[in-house]
A.B. asks: 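I'd like to ask you about the structure that follows.
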Amino acid sequence: MISKKMRPFLENNSAIRMMFEEGKKMAELYGADKVYDFSLGNPNVPAPQRVGEAIKEILDEEDPLFVHGYMSNAGYPQVREAIAENLNQRFGTSFAGRNLIMTVGAGSGLNVALKTVLDPGDEVLTFAPYFLEYRAYVTNYDGVLVTVEPDTETFQVNLEAFRAKINEKTKAVIINNPNNPTGVVYSEETIQALAAILNEKQAAYGHEIYLISDEPYRELVFDGAAVPFVTKYYDNTMVVYSYSKSLSLPGERIGYLLIPDELSESAMTIDAATIANRISGCVNAPSLIQLAVGRCVDCQADLDFYDRNRKTLYEGLTGMGFDCVRPQGAFYLWMKVPGAEAEFVQAAKQYHILAVPGSSFACPGYVRLAYCVSYETIVNALPEFRKLAADYGLSV
Ligand code: PLP
């Protein structure tokens with residue numbers, strides 16, 4: 001008999017994953033070029049060539065016992081140092097290798113961070129719409145996820161609602177910047193205001209409130225948008241990073257958790273997180289790809305590819321009268337539904353368009369379109385969107 005805790009997961013299995021499976025079935029039925037699957041954030045840009053070269057170099061040059069063996073639970077020291085140095089050059093910070101723990105992607109980095117700080121019953125605040133796995137990750141450690149309602153004008157952080165939801169049980173706050181699903185980049189002003197509220201509330205309640213900044217899309221920004229480096233604004237910040245999107249390596253499962261010296265009881269927290277990484281069952285991040293990203297700290301995915309998709313989709317849809325948030329980062333477009341959400345998602349399927357309902361991100365009334373697909377998918381989907389717009393009486 002499976003556990004009571006797992007049962008709700010079977011009932012509410014990820015809508016995004018189910019849609020992805022449905023997309024594959026539809027592709028078999030109608031042909032892959034006749035299905036417009038905007039469901040999953042699976043990058044369509046190949047990993048930079050340098051990643052493959054680095055893997056080959058490592059296999060040719062290094063001792064196999066070193067490449068495939070266990071290492072420190074926090075990761076290879078030289079990899080962590082290379083990443084710390086790269087961050088320092090880019091953001092004017094002063095991290096050392098000890099501040100980084102290599103993790104099995106951002107999913108694991110978030111779990112390690114939460115396992116490190118949560119006691120049963122602690123509350124974790126996050127902002128709708130949000131990546132729904134946060135709820136499962138928080139309940140893994142018997143925490144309670146509390147949702148702050150969105151500011152639907154800007155989709156920046158709703159500061160007033162945030163202030164109202166913090167209480168003495170709040171132990172952590174998760175932000176995701178650039179944001180999945182809205183494509184919004186939180187501004188410096190937003191981060192400063194958030195930090196001011198957190199500092200005030202920490203003082204009022206007399207305990208730490210950790211800000212966990214989930215940043216798998218950090219480098220995926222357009223139109224010169226700047227993503228503030230949050231450790232500079234708030235001391236009790238942990239940064240979760242992943243190479244899944246920035247280097248198109250989601251299947252490799254590699255990322256890191258950054259815990260700065262400024263965080264209270266930093267050394268103990270780093271030690272605890274290193275143990276959490278081990279006892280979560282991951283033990284350490286995968287060795288070969290860990291060594292490879294250490295040699296690829298300056299690499300980045302092809303941003304022009306995403307930018308072309310972004311502009312074509314946004315301009316196409318808004319030109320048909322759809323109400324969309326202009327994406328500044330990540331590879332998602334957030335669109336208001338003209339009518340009831342569930343009906344719209346079904347109506348889109350009639351035209352072989354797969355869009356994820358906003359309720360999958362705790363924000364009904366919208367859909368998310370992941371534009372990390374081929375350019376042809378976008379171009380060929382637009383006439384189908386036009387038919388959908390006409391069905392809804394939009395000005396096409
Ligand atoms: N956080 C956000 C906001 C995401 O969108 C994703 C993946 O889509 C993750 C975390 C998990 O990323 P990873 O593949 O590195 O575990």
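Please read these numbers as outputs of a predicted model, since none were measured by experiment.
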A.B. asks: Establish, yes or no, whether the cationic atom of Arg278 lies under 6.0 Å from the six-membered ring centre of Tyr70 and within 45° of the ring axis.
C.D. replies: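 Pair Arg278/Tyr70 does not count as cation-pi.
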A.B. asks: Taking the basic N atoms (NZ, or NE/NH1/NH2) and the acidic carboxylate oxygens, is any pair closer than 4.0 Å for Lys336 and Asp323?
C.D. replies: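 Looking at Asp323 together with Lys336, the answer is no, because their closest N to O distance does not fall below 4.0 Å.
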A.B. asks: Could you check whether any side-chain heavy atom of Val240 comes within less than 4.5 Å of a side-chain heavy atom of Val112, counting everything from C-beta outward?
C.D. replies: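 No, every pair of side-chain atoms sits at 4.5 Å or beyond.
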A.B. asks: Does Glu61 have more than 12 heavy atoms from other residues, nucleotides or ligands lying within 6.0 Å of its CD?
C.D. replies: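 Counting neighbours around CD of Glu61, more than 12 heavy atoms of other residues, nucleotides or ligands fall under 6.0 Å, so yes.
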A.B. asks: Answer yes or no: does atom CD of Glu85 have more than 12 heavy-atom neighbours from other residues, nucleotides or ligands under 6.0 Å?
C.D. replies: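 Atom CD in Glu85 is not packed in, count stays at 12 or less.
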A.B. asks: Would you please classify the geometry between the Tyr134 ring and the Phe131 ring as parallel, tilted or perpendicular, with 30° and 60° separating the classes?
C.D. replies: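 Geometry flag for Tyr134 against Phe131: perpendicular rings.
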A.B. asks: Taking the inter-plane angle between the rings of Phe162 and Phe127 on a 0 to 90° scale, is it parallel (under 30°), tilted (30 to 60°) or perpendicular (over 60°)?
C.D. replies: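 Phe162 and Phe127: tilted rings.
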A.B. asks: On the 0 to 90° scale, with breaks at 30° and 60°, tag the Tyr241-Tyr256 ring pair as parallel, tilted or perpendicular.
C.D. replies: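 The arrangement is parallel - the two ring planes meet at less than 30°.
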A.B. asks: To check you understand the geometry: which heavy-atom pair defines the closest contact between Pro178 and Leu220, and what is its length?
C.D. replies: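 Shortest heavy-atom contact: CG-O, 4.2 Å.
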A.B. asks: So Phe322 and Phe385, would you call those rings parallel, tilted or perpendicular, with 30° and 60° as cut-offs?
C.D. replies: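 It falls in the perpendicular class, over 60°.
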A.B. asks: Could you tell me if the ring centre of Tyr392 sits under 6.0 Å from that of Phe344?
C.D. replies: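 Ring centroids of Tyr392 and Phe344 are less than 6.0 Å from each other.
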A.B. asks: Would you call Arg295 and Glu53 a salt bridge, taking side-chain N to carboxylate O under 4.0 Å as the test?
C.D. replies: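 Salt bridge: no.
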A.B. asks: Would you say the rings of Phe361 and Tyr332 are close, in the sense that their centroids are separated by under 6.0 Å?
C.D. replies: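 Distance test on ring centres: not under 6.0 Å, no.
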A.B. asks: When you check the gap from the basic side-chain N to the acidic O, do Lys311 and Asp223 get nearer than 4.0 Å?
C.D. replies: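 Not counted as a salt bridge, because no side-chain N and carboxylate O are separated by less than 4.0 Å.
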A.B. asks: Within the structure provided, determine whether Ser244 and Pro216 are in side-chain contact (heavy-atom separation under 4.5 Å).
C.D. replies: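 A side-chain contact is absent here, since even the closest heavy-atom pair is not under 4.5 Å.
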A.B. asks: May I ask you to decide if Ala285's main-chain N or O and Gln290's side chain share a donor-acceptor pair within less than 3.5 Å?
C.D. replies: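 Yes; judged by distance alone, with no hydrogens or angles, the pair exists.
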A.B. asks: Taking the six-membered ring for Trp, are Phe331 and Tyr306 ring centroids under 6.0 Å apart?
C.D. replies: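 Under 6.0 Å, so yes.
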A.B. asks: Can you tell me if Gln202 uses its side chain to pair, donor with acceptor, with the backbone of Ile209 under 3.5 Å?
C.D. replies: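 Present.
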A.B. asks: Does the cation-pi check pass for Lys245 over Tyr217, that is, NZ or CZ under 6.0 Å from the six-membered ring centre and within 45° of its axis?
C.D. replies: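 Judged by the rule (NZ or CZ under 6.0 Å from the ring centre, within 45° of its axis), Lys245 is not positioned above Tyr217.
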A.B. asks: Could you state the interatomic distance from CZ (Arg218) to CZ (Arg90), rounded to the nearest 0.5 Å?
C.D. replies: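 It is 7.0 Å, given to the nearest 0.5 Å.
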